[in-house]
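Input: a single structure, listed below in structure tokens.
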Amino acid sequence: MKHGDIQRRGLMLVFSSPSGAGKTTISRKLLDKDDNLELSISATTRPRRPGEVNGKDYFFVSSEQFEAMVARGEMLEHAQVFDHRYGTPREPVEKALQAGRDVLFDIDWQGTQQVADKAPRDLVRVFVLPPSVKELERRLYARARDPEDVVRSRMAKAADELSHWAEYDYIIVNHDIDQSLADVQSILHAERLRRERRVGLRDFVETLRAP
Ligand SMILES: Nc1ncnc2c1ncn2[C@@H]1O[C@H](COP(=O)(O)OP(=O)(O)OP(=O)(O)O)[C@@H](O)[C@H]1O
Ligand SMILES: Nc1nc2c(ncn2[C@@H]2O[C@H](COP(=O)(O)O)[C@@H](O)[C@H]2O)c(=O)[nH]1
């Protein structure tokens, strides 16, 4: 990957939040605007919601298939979230990073901790907060893609997820979607400029010193 013709390593951008705060919405908008960013598509045992597409939103798999992927070492990270299993297939992420592309993850705090243990240098963690609990609940109902008992159980677990906010590098309060998009674009821009990711800098500076 290049930025001003100086080569750099790909980075892993993670979004976490309580369910319904808006990270999927922010992710989709960011991906639309950024040609060098690709989404890590998770595998899950959760039932497909209306409108979700296998291989685009998730790889929808059975519990047996999920366990077999874990046993074969195919998951970069995996966790039980709410009542289902979720995990990140390792190979597409490794391929993207090797090709110098950045990868976006929409995963929970457990998965973020696992990725942080494996690749701390390449990780950028963003936690998305809702403006208020009332608005979080409104968004979960407005999304209208989960049964009421699922919405209630996710609201009940929001405080647990929120307790991990301080483990993240950046915090976004998602009042306004356009402002949140601008914020994550700024984060990504600055993180791409970090000296330690720009592996081509040393050679470039040498050409400046000894023309
Ligand atoms: N800034 C915003 N203002 C108003 N509504 C929003 C905003 N951001 C997201 N929403 C709406 O809130 C609902 C939940 O958003 P989204 O599905 O992106 O949340 P999520 O954090 O990805 O949830 P989950 O963790 O369950 O996947 C959606 O209906 C979305 O359109
Ligand atoms: N640890 C992981 N968490 C994941 C992964 N994919 C999604 N998630 C998180 O699960 C909840 C619920 O998602 P939903 O699509 O059912 O609403 C949310 O917090 C996601 O971030 C994953 O691969 N690993």
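For the single chain, residues carry numbers from 1 onward in sequence order. All ligand and atom numbering here is 1-based and tracks the order in the structure.
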Query raised in the report: Without hydrogens or angle criteria, can the side chains of Gln65 and Ser62 be said to hold a donor-acceptor pair below 3.5 Å?
Result: yes
Report summary line: Note: Ser19, heavy atoms under 4.0 Å from ligand 1, region reported as both
Report task. Identify, for atom 6 (C) of ligand 1, the protein heavy atom at the shortest distance, and state residue, atom and that distance. Result -> Arg139 NE, 3.6 Å
Query raised in the report: Residues two or more places apart in sequence or in another chain: which of them pass side chain to side chain donor-acceptor pair (under 3.5 Å) with Arg72?
Result: Glu74
Requested in this report: Name all pairs fulfilling the salt bridge (Lys or Arg N to Asp or Glu O under 4.0 Å) condition that reach into residues 79-98, sequence neighbours left out, sorted by first residue then second.
Outcome: Glu67-Arg85, Arg90-Glu94, Glu91-Lys95
Query - Amino acids in close contact with ligand 2, where any non-hydrogen atom sits under 4.0 angstrom away - result: Lys23, Ser42, Arg46, Arg49, Tyr58, Glu77, Ala79, Val81, Phe82, Tyr86, Gly87, Thr88, Asp106, Ile107, Asp108, Gly111, Arg154
Report task. Would you mind checking if Asp34 and Arg101 are paired as a salt bridge, meaning a charged N to carboxylate O distance below 4.0 Å? Result -> no
Query - In one Ile/Leu/Val/Met/Phe/Trp/Tyr side-chain cluster, 4.5 Å: Tyr168, Val173 - result: yes
Query raised in the report: Is Lys134 paired with Glu137 through a side-chain N to carboxylate O contact shorter than 4.0 Å?
Result: no
Report summary line: For atom 22 (O) of ligand 1, the closest protein heavy atom turns out to be Thr24 OG1, 2.4 Å
Query raised in the report: Who else is in Tyr58's hydrophobic cluster (ILVMFWY, side-chain heavy atoms under 4.5 Å, direct or via others)?
Result: Phe60, Val81, Phe82, Tyr86
Query raised in the report: Would you say Gly22 has any N or O atom under 3.5 Å from an N or O of ligand 1, going by distance alone?
Result: yes
Report task. May I ask whether Arg28 places a heavy atom under 4.0 Å from ligand 1? Result -> no
Query raised in the report: Which residue owns the protein heavy atom closest to atom 9 (C) of ligand 1, what's the atom, and how far is it?
Result: Thr25 OG1, 3.6 Å
Requested in this report: Determine, stepwise, if the pair Val128 / Ile171 fulfils side chain to side chain contact (heavy atoms under 4.5 Å, CB included).
Outcome: CA-CA 6 Å; Val128 180; Ile171 309 298; over 6 Å; no
Query raised in the report: Would you say Leu140 and ligand 1 have an N/O pair spaced under 3.5 Å apart?
Result: no
Query raised in the report: At under 4.0 Å between heavy atoms, which part of Arg154 makes contact with ligand 1: side chain, backbone, both or neither?
Result: side chain
